Amino acid sequence: YDKPTFLSDRNLIVHLFEWKWTDIAAECENFLQNYGYGAVQVSPPMEHITFTNYNNGNDLPWWVRYQPVSYKLSSRSGNEAEFTDMVNRCNKVGVRIIVDVVLNHMVGIGQKKGVNGVGSSGDSDFDATAGIETFPGVGFGAGDTHDKECDHDIQDSDYQNSAYNVKMCRLSGLIDLNQNSTYVQGKMQDYLNHLITLGVAGFRADAGKHMWPNDLKNLFAGVNNVRSDIFGPNQRPFIFYEVIDQGGEAVHAADYIEIGRYTNFNFGAAVSTAAKKNSNFGGLTKLGPGYGYGNLDDIYVVNFIDNHDNQRSIPPNVAIYKDGSAYKLAVGFMLAWPYGLPRVMSSYYFDTHDQGPPHMSGPYFNTTSPTFDSSNQTCQQSSGWVCEHRWPEIRNLAKFHQTTTGAAATAITSGNNALAFARSGKGYFALNNNNNVNFNLNTQTTLPAGTYCDVYSGELVNNQCTGTQIIVGSDGKASISVLPNSIVAIHIGARI
Ligand code: AAO
C-alpha cells in the first residue's frame, strides 16, 4: 500500500482542500498535468452533516466534511455523477485521485440533532436509544460503535498516556466506530470498493491514529485492487494514514508502516522552524530517515509543510500561505529535496478557524469556483482561493521535482541559514534564508553545459527566460548568487 499508484515521474500530491469535483476535473486538464502534479487529495466525498443556521445562515464550516452521515457520494463538493466525471477526466490526463476517507467515526454525538430528523429538542444527545447513533443510510447503529469500551471524549493526557483511549474513546465527541467488527468492516469495504470501481488511486485515512493498525489491516485486506485498465494488473491502492506523532505520543507512526505510509508531521515542523528563522536552514540537508523523532524511511512518509488543520492553529506552528517568502522557501525546499512523497497544500483565504470555502451569499452550500489570472495562471484573490499550487515559485519547483525524479542529492553545501545541492545530472538548487547577505556559490552543478533559466525568479515562456539566467560551464561549474530570502533553481527541463 505504500507505493504511489501515480505515473512514475509524477510523485507529487496536491491537496485541493474543499474544491468542487467539477473544478478539480478542469484543474487536472488545464493545469496539474502540465506541472508534474501526480495526484489530487480531495475532501471527503461522502454524505456529511449540515447546518441550516450556522453563523446566522451565512456560512457552513469546512469541518462538516469530517462528520459522515452515510457513504453516499453526495457532499458539498458535488454528487456521484460529478465525482465520477472528475475521476475519469483526471485519470485521462494522468492525474490520480486520492480520497480522504473518514472511517474512524460518524457525526459528533452532540450534533446528531437534525440528522434524519432524529434528536429534536427534548432528546438527550447522549441517549443512544433515541436514535442519536442510528445511521440508516449506511446501516450503523449504537452496537457498531466503541460505546461499550468508552463513551466519552479522548482527554488531552490520553495522547501521552493511553493508546487504548486514543483509539477507543471519542475524538472531540465524534461517534467512534468499531473497525474490529466484520459487519462494520464490510460496510466500509463496500464504500472503498465503490470508490475503486470508479477509478480512484488510493486513500488518506483520516484519524488513522485513532484506529487499530490490525483492524485497518483486515479492513484493507478486503478492499479490491485498483482498476487494472487504469493502473495495470495487481496493483494495491495507495494508502496513507493521518497519524500525528512528533514524539512523546502513546501511538507511534511506526505502528502503521506495514499497512501503508503515514503523514510525517515532523517534516513540516522542521522545515517551517528553519523557514521562520528559528533554526539554521543549513542543517536541513540532514533531513531524512533518522532526523529527529519519527522520520522513517523514504517509502513510509508523506511529507508536507502545512495541512488544513495546522494552518488554522493559532498561531500556526508551521509556515502557511500568510507567511509569504518563508512559505515559498519551505515548500520549495520540500519539492527539491529527495525525501518522501511530498504533498502541496492548496487553500482558500480564511480569517477564522471554522470559516468555510468561498460560497454564494446564499444558499451557503454553493461553493464558488476559483477564477484565474490569464497572464500568470494564478488564482484571483477576489475568488477567495489561494491556490498555492499555482504560485509561480511553487508550480515551477513542482516541475523541478518532476524533472529531477530519481536523481540523488549530491554536491551538498550546508551554509549558515543557507544550503545548496545538485540533483545529479538533472538539476541544481540553492536556498538563502538570510535577510541581508547574498549566498554566493562557485559550484559544481553536475549539469551539462548551457544557459539555464532560474525557475524561482522566473520561468521559460516561449523559450525566453523571464528570470535570472545561470550559465553552466563545460566543467559543470557555475557562479550563482542567491538573493536574501530567495532560491535559485535550475534544471534540464528549463535550459535555454
Ligand atoms: C467539530 C467541532 C468540535 C466538535 C466536533 C463534533 O470543531 O468542537 O466537538 O465537531 O461535533 C475536523 C475539525 C474538528 C471538527 C471535526 C468534525 O478539526 O474541529 O470537530 O472535523 O467536524 C487530533 C487527531 C487528528 C485530527 C485532529 C484535528 O489525532 O486525527 O485532532 N485530524 C483529522 C482531520 C480533521 C478532522 C478530524 C480528524 C476528525 O484532519 O480535519 O477534524 O475527522 C495533538 C495530538 C493529535 C491531535 C491534536 C489536536 O497534536 O497528538 O493527535 O489531533 O493534538 O487535538 C503539536 C504537538 C502534537 C499536537 C499538535 C496539534 O504538533 O506535537 O502532539 O501540536 O495541536
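This one's a predicted model, so the numbers in the text were calculated from it and none came from an experiment. Just so you know, ligand 1 is whichever comes first in the structure, and atom 1 is the first atom listed for that ligand.
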Do K72 and E80 meet the salt-bridge criterion of a basic N to acidic O distance under 4.0 Å?
no

What I want to find out is whether R390 reaches E27 closely enough, with some N-O distance under 4.0 Å, to be called a salt bridge.
yes

Output the set of protein residues with a heavy-atom contact under 4.0 Å to ligand 1, ordered first by chain identifier and then by residue number.
W62, W63, Y66, Q67, H105, G108, Q111, Y159, L171, S172, L174, R204, D206, A207, K209, H210, E242, I244, Q246, E249, H308, D309, N317

Would you say the ring centroid of W391 lies under 6.0 angstrom from that of Y321?
no

Angle between ring planes, Y66 versus H308, binned at 30° and 60°: parallel, tilted or perpendicular?
parallel

Parallel, tilted or perpendicular: rings of H15 and F17 (30°, 60°)
perpendicular

Can you name the residues that form a salt bridge (Lys or Arg N to Asp or Glu O under 4.0 Å) with E29, not counting sequence neighbours?
R89

